[in-house]
K.L.:
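Sharing a structure, written as structure tokens. Questions coming.
Starting from 1, each residue takes its place in the sequence as its number.
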Amino acid sequence: MLGSKPLAVRSSATTEDHPVHSFAGQYVTLLGVRDLAALERAVKACWASLRAEDAITYRAKAGLNGANVAMGVVLQVHMAADATGVLFTAEPMTRRRDRVIVESAHGAGETVVSGRLAPERHVFSSPGLRLLSGSRGFSKQARRLALLARRAETRLGGPLDIEWARSGKDIYFLQARPMTGHIVPTEDLQVWSNINTAEVLPQVLTPCSWSLIRQLQHRMFRLIFKEFGQDIERTPVVGLVGGRIYFNLSVAAGLLRAIPLITPEQINALLGGVRSELPEGGIPQFKAPPLRLVTRFLKVLLSIAAATPSRIERFRRSYRAQTLQFERQNPRTMDLAELRSFFRNVARHLLSEGRVIFMVAAAIGWFERLRRFTKVHLGDEGEILAQQLVAGAGGMESADAGLELWGLADGLRGEPEVIDAVRESEDPADWRRLLQGKPSGVKFLQNWERFLERHGHRAVLELELAEPRWRESPVLLARSFREYVNSHEEMDPVGRRQRSALAREELLGACFSRLNGPLLRGWFRLLVRWAAAGLRLRENIKSSAMVQFAALRRVLLELGHRFAKRGLIDTANDIFYLTFDEVETLDRDSRAMVRERRQEHDCHARMQPPPVVVGRWEPAAEKSPGEAHGRILQGIGIYPGLVTATARVLLDACDRETLRPGEILVAPFTNSGWAPVMLTAAALVVDTGGLLSHGSILAREYGIPTVVNVGSATRVIRTGQRLHVDGARGSVKILD
């Protein structure tokens, strides 16, 4: 045999490859042996590896008696393989039998087994061998391997770890061993992320807010899961990590896999590109009859496709009308029984309107269609063109709040008494005292109150019920307003937005000239109009929901005052440390429990969990983030523009520091509550966020060059440093 074909010389010890210990990689394998002298050296090397230090240490840790260990040597023909790899007939970490995993690479297999080369991975469901993840280029051959491995498993009687090679069209199994190792619980492999939640819920939640949000998400996601014949009760979709809300990406991946016609590539895109990081063993298997899944899937597609902007607008108006009924109620005039009943009614309405999530999905769906169109037909690989086409469309309540506040400040020209009062204090109560009886002051205060009537239900952390609304505590508004008054000659955000809208119209015309045919142009025009309307409606629906949150907060505070008078809690604000169920039934002294929960809340506030967590987060094991290397930070470009200016790092929109006109705002997150601060920024750099986050939508509406999802901006950048922001490329350069 030697001389005509090379050999593979493999070690095979007596304690190797059984269900408890595999010894994989501990002993020697030598490839390409061509003559007797090399063969002799290879065999001796295999024998010698039995007494190698690593092997002795491995056996000692495994509790094996070295005196009973012997080494055999296996000779195999070493083929010139076109592709090689390993495969598992069960999920390696959990031994789940509903997965077959095939890993492959071009050339010799030793690079895959040794870990020197990252293989291409394909995951199949079992039975049926449906492709769950992996590129489709190699999927047919990978499926053939999976089918052969299942047959080998049946013959050998258990889950296998198999090394394989392909030469031409022939497949060879080089080695098969029982799968070994410690079995990891499924929940320890599930991936949690706050990448999609940190923008709206970055802070530690109070028990009251968490009990509401948990019920909200449960009802909304249960509606979605039900449409696909799935059961949400088996595993949570959201949870708390360090007291903050996180989303279960593994459950989302499992649900998406269960939906017919969705490809692995689409799953990866929908999960924000983190699909490859999800341990296979943590992804649940959702099972339902295929015909039922297809029927439900088509039903959902048709309902979303039928949700035109006009239909969504009708829903928004109806939804807003219902919420305004709660806003008109005065909790202070109610007795305790009426108050609790009102609390239940507001909460029930919030929890019952599950259609909101479908309407929001349909609204942002039009923007997704526009992105695909511009990429395919207009070469918009960077996805900036689609964002410019929806900028400055107007009618967005959250954006209007900032612009109206600026208009109120701009209208004070020629009103020195009002300007002096605003400059003297940032407290609106002082304005009322200083301007009492003065005609110009009365008019200004009336305009201020009308502004609060329209927008006073908003807040920076508005999904947290313990967070005061603008109407209650207009600190952020007053600081921003005073800055507007002091510097309205230096900035013109209204003009910038108008220029953005004009640029949008010019861009729209340029795009028309590049499209061939009236049908394509007509479809493009419709997509642009509906995409802009969809994003506007999404923000306006959220604004309506926040009216209900504000109403719920008012009734909770009133209940808190009543409970505090009875000695059940210390202060009215303590009510936010009770759950909804406890609020409804509270009739005993809960002060000690509230103090304990406040301490836990404060403890969590001092922690900083990472954005992605696998399994359970252990704060003690968490390493502190190091300083980023290099002077260029990369994120996602939201609105184009080149800006070189001074940075202002604000960790909180209500920070005592204020953004100066022309500065670059650097923030951990932004949302609708940041609108007054964002309005005068020269550019925006944000740690979190994506194309469709609330802060990104606002930035486009204002025409502010913006980069989001930078990750470490607030840790790396310091106030006063000069930055160069490229909104198109999504880059931030630190100049000093």
Side-chain angles (χ1 to χ4, degrees), residues 76-93 96-113 115-156 158-177 179 253-271 273-281 283-291 293-294 297 376:
Q76 294 178 314
V77 173
H78 183 208
M79 70 182 67
D82 300 316
T84 52
V86 295
L87 61 84
F88 306 93
T89 60
E91 204 286 322
M93 294 192 206
R96 285 172 49 183
R97 304 298 294 275
D98 58 358
R99 298 283 190 273
V100 179
I101 299 172
V102 180
E103 294 186 345
S104 60
H106 294 292
E110 182 62 21
T111 54
V112 175
V113 177
R116 296 197 301 269
L117 179 68
E120 183 177 1
R121 168 177 281 219
H122 289 78
V123 179
F124 297 91
S125 64
S126 181
L129 297 183
R130 176 195 170 202
L131 180 65
L132 299 177
S133 70
S135 68
R136 296 190 175 275
F138 185 70
S139 61
K140 286 186 178 180
Q141 295 183 59
R143 191 176 188 279
R144 181 186 171 199
L145 280 161
L147 184 61
L148 292 172
R150 276 299 194 204
R151 293 177 186 172
E153 178 188 57
T154 301
R155 181 166 297 187
L156 296 177
L160 299 174
D161 168 356
I162 298 173
E163 294 179 25
W164 60 270
R166 177 179 60 81
S167 179
K169 294 183 179 180
D170 297 326
I171 290 177
Y172 300 89
F173 284 174
L174 308 177
Q175 178 174 285
R177 60 166 67 96
M179 293 181 65
L255 174 64
L256 291 170
R257 283 180 174 183
I259 300 173
L261 306 180
I262 290 188
T263 66
E265 292 80 4
Q266 289 171 323
I267 293 175
N268 182 45
L270 289 169
L271 292 179
V274 297
R275 171 66 192 89
S276 59
E277 300 174 9
L278 303 184
E280 189 60 38
I283 301 176
Q285 176 83 354
F286 292 100
K287 297 180 180 179
L291 182 60
L293 279 175
V294 171
F297 183 61
V376 172

K.L.:
Let me confirm one number: the CZ-CZ distance from R99 to F88, rounded to the nearest 0.5 Å.
P.N.:
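Atom-to-atom, R99:CZ and F88:CZ are 15.0 Å apart.
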
K.L.:
Which heavy atom of S167 sits nearest a heavy atom of Y172, and at what distance?
P.N.:
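Scanning both residues, the minimum pair turns out to be CB-CE1, 4.2 Å.
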
K.L.:
Rounded to the nearest 0.5 Å, what separation is found between the NZ atom of K169 and the CD atom of Q141?
P.N.:
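Result: 10.5 Å between the selected atoms.
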
K.L.:
Quick one, E153 and R97 - any side-chain contact, counting heavy atoms below 4.5 Å?
P.N.:
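Of all side-chain heavy-atom pairs linking R97 with E153, at least one is under 4.5 Å.
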
K.L.:
So does L160 get a backbone contact from the side chain of T89, meaning a donor-acceptor N/O pair under 3.5 Å?
P.N.:
yes

K.L.:
State, to 0.1 Å, how close T84 and A165 come at their nearest heavy-atom pair, and which atoms those are.
P.N.:
CG2-CB, 3.7 Å

K.L.:
For A152 and F173, work out which heavy atoms get closest and say how close.
P.N.:
CB-CE1, 4.2 Å

K.L.:
Grab the two heavy atoms, one from A142 and one from V102, that are nearest each other, plus how far apart they are.
P.N.:
O-CG2, 3.7 Å

K.L.:
Could you measure the distance from the CD1 atom of I162 to the CG atom of L156? Nearest 0.5 Å is fine.
P.N.:
7.5 Å

K.L.:
Ignoring hydrogens and geometry, is there a side-chain-to-backbone donor-acceptor pair from E91 to G281 under 3.5 Å?
P.N.:
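Side chain of E91 to backbone of G281: a pair is present.
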
K.L.:
Test your reading of the model: is there a side-chain donor-acceptor pair from R143 to the backbone of L129, 3.5 Å cut-off?
P.N.:
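Yes, R143 side chain to L129 backbone: donor-acceptor pair under 3.5 Å.
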
K.L.:
Find the distance between CG (L87) and CZ (F124) and round it off to the nearest 0.5 Å.
P.N.:
10.0 Å

